[in-house]
2 protein chains.
Amino acid sequence: MSDLLERLRRRGWRMTSQRRVVAEVLDGDHVHLTADEVHARAARRLPEISRATVYNTLGDLVSIGEVTEVSTDGRAKRYDPNAHRPHQHLVCSNCGTIRDVHPTGDPLADLPAEERFGFTVSEAVVTYRGLCAACA
Amino acid sequence: MSDLLERLRRRGWRMTSQRRVVAEVLDGDHVHLTADEVHARAARRLPEISRATVYNTLGDLVSIGEVTEVSTDGRAKRYDPNAHRPHQHLVCSNCGTIRDVHPTGDPLADLPAEERFGFTVSEAVVTYRGLCAACA
DNA sequence: TCTTGACTTGGACTCGGTCAATCGTAGGAT
DNA sequence: ATCCTACGATTGACCGAGTCCAAGTCAAGA
């Protein structure tokens, strides 16, 4: 059932049938769909939903922090509803499968001051790459 | 002077005027140009060079391992000639400036076995984000 | 139920990148 | 030095991902 939908309602997000199906499609763990995949799945329940609406809704969800954008392959961005707990990604270099992972330690601590070039560093995004069990 | 050009010559890479200017444009530290930027700079020295040639040449350089692709913003890929020594990237969230950085420690070691989902993990790509001195 | 501002739509458009047919040339062979 | 030819360069059409806009629709408060 949809945690995401519940949180959105609580925020007073204006709820439309389009936004509801997009939120429902995104629900779950290890979900990393492209905008077109979201559109295709949403269209199974609401055939007239337009691409622009899916892009708008995803963009809104990202800007309010309920969904994060992941771009692991330089192709289409993927949308990750698991924004409530920080995590990194493990990607199969062959088939593109993505898993959420929780490394120990803080990568920010591994960047010495003299390697910061005066930046105020706030975040470290880690992508682990390798071959999944099926592709190895 | 061009280390890259020298390495390419040593590999027996067929040298054309187009390939030479692309290699020259890419020479240096903290260089992270988009394909279009490479094309623009190359065209200053060789006005008739085509976009397709730049893409072909960059693709070739990547596949022989002399240049690496970096995609930090989900927009155009950037090309990094500093492929001979492993490093990560520090990106300004505001202006997009990129610096090469060398964190201590091995991020691969921070991913416990039970978080590997049966993958053979071979690489960790880290992108540090923050604000550069000028943007802060 | 009415009203209205927010949301949705379809289509044109942009940007980054790829492809294929044709032309040109680097560099080995003579 | 020149000739040949396979490999590289060029042009322009094309593609996928994403954005934009003007017009239509509708959720939800009064």
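Worth knowing before you read on, the calculation uses all heavy atoms, side chains too, and leaves out hydrogens, waters and symmetry mates. In what follows, every chain begins at residue 1, and chains take the letters A, B, ... in the order their sequences are listed.
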Open item on the list: Quick check: closest heavy atoms across R78(B) and I98(B), and the distance to 0.1 Å?
Closed with: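 Minimum heavy-atom separation between R78(B) and I98(B): CD-CD1, 3.5 Å.
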Open item on the list: Quick check: closest heavy atoms across P81(B) and L26(B), and the distance to 0.1 Å?
Closed with: CG-O, 2.7 Å
Would a 4.5 Å heavy-atom cut-off, applied to side chains only, mark [X] and [Y] as touching?
{"X": "V22(B)", "Y": "V38(B)", "result": "yes"}
{"X": "Y79(A)", "Y": "V25(A)", "result": "no"}
{"X": "R9(B)", "Y": "L5(B)", "result": "yes"}
{"X": "H102(B)", "Y": "E114(A)", "result": "no"}
{"X": "V70(A)", "Y": "T127(A)", "result": "no"}

Task: 5'-most by nearest nucleotide on DNA chain C - Y79(B) or W13(B) - done: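 Its nucleotide being nearer the 5' end, the pick is Y79(B).
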TODO: Would you kindly compare R19(A) and K77(B) by the position of their nearest DNA chain C nucleotide and give the one closer to the 5′ end?
DONE: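 So the residue in question is R19(A).
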- [ ] Identify the 5'-most and 3'-most nucleotides of DNA chain D with at least one atom closer than 4.0 Å to a non-hydrogen atom of chain B.
- [x] dC7(D) to dT11(D)
TODO: Using atom types as modelled and distance alone, determine if a side-chain donor or acceptor of S122(B) lies under 3.5 Å from a backbone N or O of R129(A).
DONE: yes
Task: Side-chain (E115(A)) to main-chain (P112(A)) donor-acceptor, under 3.5 angstrom - done: no
List, with names and distances, any nitrogen or oxygen atoms from the protein found under 3.5 Å away from nitrogen or oxygen atoms belonging to nucleotides 2-5 of chain C.
unit_1, atom_1, unit_2, atom_2, d
dG5(C), N2, R14(A), NH1, 3.4
dG5(C), N2, R14(A), NH2, 2.9

- [ ] Report yes if a side-chain nitrogen or oxygen of T57(A) is closer than 4.0 Å to either non-bridging phosphate oxygen (OP1 or OP2) of dC7(C); otherwise report no.
- [x]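 For T57(A), the contact criterion (side-chain N or O under 4.0 Å from OP1 or OP2 of dC7(C)) is not met.
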Open item on the list: For dT18(C) and Y55(B) - does any side-chain N or O of the residue sit under 4.0 Å from the phosphate oxygens OP1/OP2?
Closed with: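 Looking at the OP1 and OP2 atoms of dT18(C), neither is under 4.0 Å from any side-chain N or O of Y55(B).
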TODO: Decide yes or no on side chain to side chain contact (heavy atoms under 4.5 Å, CB included) for D100(B) and D80(B), but give the supporting numbers first.
DONE: CA-CA 9 Å; D100(B) 291 354; D80(B) 183 345; 3.6 Å; yes
Open item on the list: With no hydrogens and no angle check, just 3.5 Å: does a side-chain donor-acceptor pair link H84(B) and D3(B)?
Closed with: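 Checked: H84(B)/D3(B) side chains show no N/O donor-acceptor pair below 3.5 Å.
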Task: Nearest-angstrom distance from the residue atom CZ of R20(B) to C1' of dT25(C) - done: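 After rounding, the reported distance stands at 13 Å.
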TODO: Figure out the CZ/C1' separation between R11(B) and dA26(C), and round it to whole Å.
DONE: 20 Å
TODO: Enter the inter-axis angle for the ends of the helix from dT1(C)-dA30(D) to dT30(C)-dA1(D) (five pairs per end, rounded to 10°).
DONE: 30°
Task: Pairs where residues 30-72 of chain B contributes a residue and the test ring-ring contact (aromatic ring centres under 6.0 Å, His included) is met, not counting sequence neighbours - done: F117(A)-H30(B), H32(B)-H89(B)
Set out, line by line, the N/O atom pairs under 3.5 Å between protein and nucleotides 9-12 of chain C.
unit_1, atom_1, unit_2, atom_2, d
dT9(C), OP1, Q18(A), NE2, 3.2
dT9(C), OP1, E48(A), O, 3.2
dT9(C), OP2, S50(A), N, 3.0
dT9(C), OP2, S50(A), OG, 3.2
dT9(C), OP2, T53(A), OG1, 2.6

Task: Residue pairs involving residues 41-70 of chain A (criterion salt bridge (Lys or Arg N to Asp or Glu O under 4.0 Å); sequence neighbours excluded) - done: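 Every salt bridge (Lys or Arg N to Asp or Glu O under 4.0 Å) pair that includes a residue of residues 41-70 of chain A, provided the two are not neighbours, is R7(A)-E66(A), R11(A)-E66(A), R19(A)-D60(A), E24(A)-R45(A), D36(A)-R51(A), E69(A)-K77(A).
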